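First up is the structure itself, then whatever we jot down about it.
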Amino acid sequence: MRFSQLLGKTLRQVSAEADTPSHQLMLRAGLIYQVAAGIYSYLPTGWRALRKVESVIREEMDRAGGQELMMPVLQPCELWDQSGRRRPFGQTLFTLKDRRERVLCLGPTHEEVVTDIVAHQVKSYRDLPLYLYQIQVKFRDEPRPRGGLLRVREFHMKDMYSFHTDEASLDEGYWTVARAYERIFSRLGLSTLMVEADSGAIGGKASHEFMALGEAGEDEVVRCEQCNYAANMEKAESRKTPGEKGEPLPVEEVSTPGKKSIDEVAGFLGLTPRHTLKAIFYIADGKLVFVLIRGDQEVNEVKLKNLLRCAELRLSGDEEIRAAGLVPGFASPAGIKGVTIVADHSITSGANFVAGANKPDTHLKNVNYPRDFQVEKMADIARARPGEGCPKCGHPLTIARGIEVGHIFKLGTFLSEKMGASFLDKAGASRPIIMGCYGIGVGRLLAAVIELTHDDRGIIWPASIAPYQVYLCALMMEKADVLATAEKVYNELQAEGLEVLFDDRQESPGVKFNDADLLGMPLRVTVSPRTLEKGSAEVKLRQQKETRLLPLDGLASQVKQILTVA
RNA sequence: CGGGGCGUAGCGCAGUUGGCAGCGCGCUUGGUUCGGGACCAAGAGGUCGGCAGUUCAAGUCUGCCCGCCCCGACCA
């Protein structure tokens, strides 16, 4: 490709609004162009990179036994009513009506469609296991698109679905795909960690996410370096510092004027937060919930949401707390009625806690569960924190950051039962098909590669997905010998089967070198009067500083050699 | 949806008390340069997000609307 003809100019400046490194670089390098919030066009170079990511994925999915197919974007909403997932997806589902007022949606994922196909096409255990996948555009009306391609409303996803006769087969498939995912990410030069995850709106029992590790990541991962326990913060468990034991003492009222927060109250009474109970109020599907946790802990809202089985969860305002007859800042779980109380296990570790008295400027000392109050539900709803013990081995946990580039789920049978996907086993009995599903966000993966491997000069593509392998840079093209040599090198490199971006623009050396670094192709070849004097061309790898001269004679095959080694 | 911010040339931005719409980059033409974002000269390019209002006069003041970004709840 000749740079002079390429759509997608490099930009020196981009809006201050784009503050994520990958977003800035993709805009500056002319890879993408924004159409609307969370909706982007891929310009030619960006599209090449995306297609390369797809082909790496495709190779590994095929190797894992996948059969590629293509399902429609447009789906009848009836399928979603049938699966019961229309509500959990809620506003995220883009819906529309056709001319006959039939309600359709733009597929946010394809479990319904694929299960419907399998329900009709697969009847026997002989047809299983079955692995189907596609690379397709998905639509999700995300409340907040973010960070360029990191979270968008229209995106390419590789989605695979597996169908099994029994749990053992599902388990085998699950780990086969997991290993394929690890190969994909490592082929793109990413260091990823497979972590336990919450299964969210997709549903199902077990699930893991693949996190591309790096400071720029927006997800938190909790991990143990001793036993390799790793989980998304949403899901992570931990062994908390135990509370102090003690014989329950009589409850005592104590005046705490103006002391509302845990730190204020604990400090005022000469205690640590661990000796207090924290009351937090949420509105779960419109209903007030009193959440109680030990003062040194924080609520994990995903765990809470799962415990309450609600679709919508938010913190409540003070007015809503007062309306329930409680005093914000001094609310007490003791002696109240008509409010659902749920608690974290941590309140049972320790004794004689300080809690609110449900009176202004007053707290209670020596509050003990279950002597002084009851709760409706008790579970682990606490955030894991660094330094706390690993749930498996007790070693101190650490927290890392990462970008979620893949997510796999063991769905089990809940969808196949609802969608009528069953098979006849050897004994002739009809049983629901056991399912798994596996997703990779292709565009996000592309952005993650840039996000995690760029330097201050620009993108650094791994050879596996670089839009072009070689950036051919011709300096002083007005000189006939430079022009002729550059054209010859361009042809020879292509004849070797290399993909070449030929910078044939009338630009100064600085501009070309800077654009070469920005665009980040693995290898730069420079032809100039200076190199021609020595009958050579200069070669430089993007990720290295050093340059070297290679003779023009046999240049193309040497370049190919360097690229296969690097 | 809650909080914060921004919409002015293709891109990045300035525009004071309301008084001729500007700067840098990019683009076009000509010339000089040439190994890390060169220089000179001459040009082209605008519904100041939209609608309404106040005013002799609105980019600037008021109201409503739309769009975009960032922080939260959500996710590949």
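Just so you know, these numbers use all the heavy atoms, side chains as well, and skip hydrogens, waters and symmetry mates. Values in this document were obtained by computation on a predicted structure and should not be read as measured data.
Of the N and O atoms on the side chains of Glu60(A) and Tyr181(A), not one donor lies less than 3.5 Å from an acceptor on the other residue. In this model, a donor atom of one side chain and an acceptor atom of the other lie less than 3.5 Å apart for Ser83(A) and Glu112(A). Defined by atom type and a distance below 3.5 Å, a donor-acceptor pair is missing between the side-chain atoms of His454(A) and Ser22(A).
If you take CZ of Phe89(A) and P of rC75(B), they are 9 Å apart, rounded to a whole angstrom. Protein atom CE of Met211(A) is 11 Å distant from nucleotide atom C1' of rA76(B), rounded to whole Å. In this structure, Ile283(A) atom CD1 and rG2(B) atom P are separated by 16 Å, rounded to whole Å. Rounded to whole angstrom, the span from the OH atom of Tyr282(A) across to the P atom of rC1(B) amounts to 22 Å. Atom CD of Glu320(A) is separated from atom P of rG2(B) by 13 Å (rounded to the nearest Å). Per the geometry, CD belonging to Glu209(A) stands 7 Å off P belonging to rA76(B), to the nearest Å. Summarising the geometry, the separation between CG on Leu25(A) and P on rC11(B) is reported as 19 Å, rounded to the nearest angstrom. Between the CE atom of Met233(A) and the P atom of rC74(B) there is a distance of 14 Å, rounded to whole Å.
In this structure rC64(B) sits in a base pair with rG50(B), meeting the Watson-Crick or G-U test at under 3.5 Å. Pairing partner, rU32(B): rA38(B), with both Watson-Crick or wobble hydrogen-bond distances short of 3.5 Å. Pair assignment for rC13(B) gives rG22(B), based on Watson-Crick or G-U wobble hydrogen-bonding distances that are each under 3.5 Å. Pair check for rA73(B) finds none; no Watson-Crick or G-U wobble contact set falls under 3.5 Å. Across all strands shown, rG43(B) forms a Watson-Crick or G-U wobble pair, both distances under 3.5 Å, with rC27(B).
Across all strands, Leu315(A) comes closer than 4.0 Å to no nucleic acid atom at all (heavy-atom distances). Contact annotation for Lys479(A): no contact, since no heavy-atom pair falls under 4.0 Å across all strands. Gly147(A) comes within contact range of the sugar-phosphate backbone alone, with a heavy-atom separation under 4.0 Å but no base atom that close. If you check every strand for non-hydrogen atoms under 4.0 Å, Pro108(A) touches nothing. Across all strands shown, Val442(A) has no heavy atoms under 4.0 Å from either base or sugar-phosphate atoms.
Ring pair Phe139(A)/Phe94(A) is perpendicular by interplanar angle, where above 60° counts as perpendicular and below 30° as parallel. Ring geometry for Trp47(A) versus His156(A): interplanar angle of 30 to 60°, hence tilted.
In the set rC75(B), rC69(B), rA73(B), rC75(B) carries the atom at the smallest distance from any side-chain atom of Arg444(A).
Spacing of P atoms, rG7(B) relative to rU62(B), comes out at 15 Å, to the nearest Å. Between rC48(B) and rU60(B), the distance separating the two P atoms is 10 Å to the nearest Å. Across the P atoms, rC64(B) and rG2(B) are found 15 Å apart, a figure rounded to whole Å. Comparing the C1' positions of rC40(B) and rU33(B) gives an interatomic distance of 11 Å, to the nearest angstrom. Of the P atoms belonging to rG49(B) and rG15(B), the separation is 14 Å, rounded to the nearest Å. Nucleotides rC11(B) and rC68(B) are separated by 16 Å at their C1' atoms, to the nearest Å. Rounded to the nearest Å, the gap between the C1' atom of rG18(B) and that of rG53(B) is 15 Å. Using P as the reference atom, rG46(B) and rG36(B) are 38 Å apart when rounded to the nearest Å.
The base of rC70(B) has none of its N or O atoms less than 3.5 Å from a complementary donor or acceptor on the side chain of Arg144(A). Counting distance only, with no hydrogens placed and no angle test, the side-chain atoms of Asp219(A) and the base atoms of rC75(B) include a donor-acceptor pair under 3.5 Å.
Taking the centre of each ring, Phe281(A) and Phe290(A) come in below the 6.0 Å mark. Note: His208(A) and Phe210(A) fail the aromatic proximity criterion, with ring centroids not under 6.0 Å apart.
An OP1 or OP2 oxygen of rG26(B) is reached within less than 4.0 angstrom by no side-chain nitrogen or oxygen of Gln13(A).
The residue among Met157(A) and Leu313(A) whose nearest nucleotide of RNA chain B is located toward the 5' end is Leu313(A). When each of Val14(A) and Arg146(A) is assigned the nucleotide of RNA chain B bearing its nearest heavy atom, the one mapping closer to the 5' terminus is Val14(A).
Salt bridge status for Lys377(A) with Asp344(A): absent, with no side-chain N to carboxylate O gap under 4.0 Å. Taking the charged nitrogens against the carboxylate oxygens, Asp219(A) and Arg401(A) have no contact shorter than 4.0 Å, which rules out a salt bridge. Ionic pairing of Glu68(A) and Arg58(A) is present here: one or more N-O contacts between side-chain nitrogen and carboxylate oxygen are shorter than 4.0 angstrom.
Within residues 48-56 of chain A, no residue is approached by RNA chain B to less than 4.0 Å at the level of any non-hydrogen atom.
With hydrogens and angles disregarded, no donor-acceptor distance shorter than 3.5 Å links the side chain of Lys158(A) to the backbone of Met61(A).
Applying the side chain to side chain contact (heavy atoms under 4.5 Å, CB included) criterion to Arg548(A), with sequence neighbours excluded, gives Leu550(A), Ile562(A).
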How does protein reach along nucleotides 33-49 of chain B, written 5' to 3' as B (base within reach of a heavy atom under 4.0 Å), S (only sugar-phosphate), or - (no contact)? -BBBBS-----------
